[in-house]
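Computed from a prediction, not measured in an experiment: that's the story for all the values here. Order of the sequence lines sets the chain letters (A, B, ...), proteins ahead of strands, with each chain counted from 1.
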Amino acid sequence: MAKQKTPLPPGSNFIRGIIERDLAANKYAEKKWMGRPGDAAHHQAGQVDVAKIRTRFPPEPNGYLHIGHAKSIFLNFGIAKDYDGICHLRFDDTNPEKESQEYVDSITEMVKWLGFDWEGNGANGEESNLYFASDYFDDMYHAAELLIEHDYAYVDSQTADEMRENRGTLTESGKDSPFRTRTVEENLTLFREMRDGKHADGSHILRAKINMASPNFNLRDPAIYRIRRAHHHNTGDKWCIYPMYTFAHPIEDALERVTHSLCTLEFEDQKPFYDWLMKKLVETGMLEQPVPKQYEFARLNLTYVVLSKRKLIQLVEENHVDGWDDPRLPTLAGARRRGYTPAGFKLFTDRIGVSKADSWIEYVIFEDCMREVLNQDAVRRIAVLDPIKLVIDNYEDGKSEDCFAPNHPLKPELEKRTVQLSKELWIEREDFMEEPAPKYFRLFPGNKVRLRYGYIIECTSCEKDADGNVTVVHCNYLPDTKSGTDGANSVKVKGNIHWVSANHAYEAEVRLYDRLFKDPHPGSGDKDFIDDLNPGSVKTITAQLEAGLQDVNAGEIFQFERHGYFVADSVESKAGKPIFNRTVTLRDNWQK
RNA sequence: UGGGGAGUCGCCAAGUUGGUUAAGGCACAUGGUUUUGAUCCAUGCAUGCGAAGGUUCGAAUCCUUCCUCCUCAGCCA
């Protein structure tokens, strides 16, 4: 095993710093938890929460998870784990028009794949911490009525256009709605009528009553409840009014007794409203201290990768890739199929850190994290990806003999396997040069190399076709130099090439994946990001593989020695006939 | 030109109640080991913390001014 790298100490990012300070100040010593989400009265009947820290990963089920979400997942679940807290998986499903069960299922599956769960980790060891914002619609409705009763909210009957016009601009304050002065009774009646389906979609809207002159738009009487007759994947047709994110999210956090609500930078401007709402709902008695606090971190940007939902949809819908789980896509479904692993994602998120600075992570860092974990985990096998024939002229016709190859050079306990050597082998085309480049130390006429796990051979000549392409390479072997024998070190060579016996090889389809985009910032400047697609992002080849590889299971990952890491494709492989996807190459300091 | 954020080595990122020579990782360079030109190991890599002034015995950390970038005007999240 390789030496462990020193992990980042806890507290090494600003969020952990905040949590440690909060913990040190005993901020959550008396926070109560009733076993499931609810308002202050509900939790007051419960026990002191065993989870001092509660975080949440709150995806909207309207799309597929991608690498950027992985950062948030590891952040939220990781922090909860490190501070003996609990992280909730909560679907933020307040917009029925865009959400569906299909997305709920795929998101659930990918979070589990990354290694997290939310079952059986509560105070009594039994509760589930899988939640849906839509399960809180009654509480949200109640909260809205409370705001109305305290004159902190009103029903506006302006059109959407009028509202926009009266919102003001960056430098001019907004104008009060003519409906802003409705009485509490009138607002309550109207809001109840909205709920009861007595008004058309868009005819009225509930707004928080704050300050139309605020320099922060989120405080210019934000909309909090809209009328929308739409079928909800969870609540069906029970509601025709739905809360807005702005209003719903803080309440979701509070009902779940979340302590640290982590989100990305674009929500920073929303925080004053988040705090305003908390304050008002504590004032009305619906909530109690300690209320959740929102903290923002920078979202992930990766060079050569596109993470915006709009762009990903376009790639799929215009068939630039083959579905949402195309191994070239940064979706988690695609990443899994590509052979990237949860351990690799963990390393990656640890390595890139968390801060508030906008940043672009170099793609090589991501790749390198995958290499690092795969180097430890992946069993070695041999594959010739671009085969040419090698004939050992002085080797007996028809003979074959056992050679012994370690399954994992870093883990001798995994022992060795037997591979067959014979007179005709497949070797890599690039391992032979009739006229060697400077410093080239593989096969060329007159040079000696080792056939990995076999004999030392000396290259004698080659055959070429009419176009001058090399078709066969000839060599002689040195009989006393077999690996593992006393004579193995009698001849020193620098080159060491891999091979498979032509009679024993298994021919298979292999897909060589490369980055999807050729520009580090796809679509930068005034370019269309589609024009930055890498035309060579996948190359399908027929390779000669070591015998035995035809029997592996879909999803199994190997290192093909001297090439890289490959996974048996989980979608298109057939029993006894796997297709391999290249996850990532090995580093190569030679081809630079 | 309003509000809210951010600027520390090529890329990330600690450090920011002022106190010795500015962590660490990735990348890179050079050696060494090696039957993967892989891995691994060793060494090197910011007199400098967006800029300029100022306070101080002492400043990345405090003050002032300025510069650059991100973000906000959905009945999306």
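At the heavy-atom level, A:I361 lies under 4.0 Å from the strands shown only through sugar-phosphate atoms. Base engagement by A:Y440 is indicated by at least one non-hydrogen atom pair under 4.0 Å involving a base atom.
When the C1' atom is used for both B:C49 and B:U16, the distance is 11 Å, rounded to whole Å. Rounded to the nearest Å, the gap between the C1' atom of B:G37 and that of B:A22 is 37 Å. Only the C1' atoms considered, B:U65 is 44 Å distant from B:C75, to the nearest whole Å. Between B:G18 and B:U56, the two P atoms lie 16 Å apart (nearest whole Å). Rounded to a whole angstrom, the distance from the C1' atom of B:U47 to that of B:U71 is 36 Å. Nucleotides B:A38 and B:G32 place their P atoms 14 Å apart, quoted to the nearest Å. Annotation: B:A42 and B:U55 have their P atoms spaced 47 Å apart (nearest Å). Here the separation of B:U30 from B:C12, taken at their C1' atoms, is 24 Å to the nearest Å.
No hydrogens or angles were tested; on distance alone, nothing pairs the side chain of A:R164 with the base of B:G74 as donor and acceptor under 3.5 Å. Counting distance only, with no hydrogens placed and no angle test, the side-chain atoms of A:N589 and the base atoms of B:G37 include no donor-acceptor pair under 3.5 Å. A donor N or O paired with an acceptor N or O is not found under 3.5 Å between the base of B:C12 and the side-chain atoms of A:R351.
In this structure, the CG atom of A:N13 is 15 Å from the C1' atom of B:G25, given to the nearest Å. Rounded to whole Å, the distance from OH on A:Y245 to P on B:A77 is 9 Å.
The base-pairing partner of B:C28, taking Watson-Crick or G-U wobble contacts with both distances under 3.5 Å, is B:G44. Base pairing of B:A13 is not made with any nucleotide, judged by Watson-Crick or G-U wobble geometry with both donor-acceptor distances under 3.5 Å.
Look at A:R226 and you'll find a side-chain N or O under 4.0 angstrom from OP1 or OP2 of B:A77. For A:S12 and B:A14, the shortest distance from a side-chain N or O to OP1 or OP2 is not below 4.0 Å. Of the side-chain N and O atoms in A:R167, one or more sit less than 4.0 angstrom from OP1 or OP2 of B:G74.
Glycosidic conformation of B:G74 is syn; the angle stays within 90° of 0.
In this structure, A:Y363 and A:V305 have side chains that are in contact, with non-hydrogen atoms separated by less than 4.5 Å.
Aromatic rings from A:F297 and A:F14 are positioned such that their centres are separated by 6.0 Å or more. Not less than 6.0 angstrom separates the ring centroid of A:Y225 from the ring centroid of A:Y242. Ring pair A:Y340/A:F348: centre-to-centre distance not below 6.0 Å.
Taking for each of A:G454 and A:H204 the nucleotide of RNA chain B with the nearest heavy atom, the 5'-most of the two is the partner of A:G454.
Side-chain atoms of A:R380 come within 3.5 Å of backbone atoms of A:A378 as a donor-acceptor pair (strictly under, hydrogens ignored).
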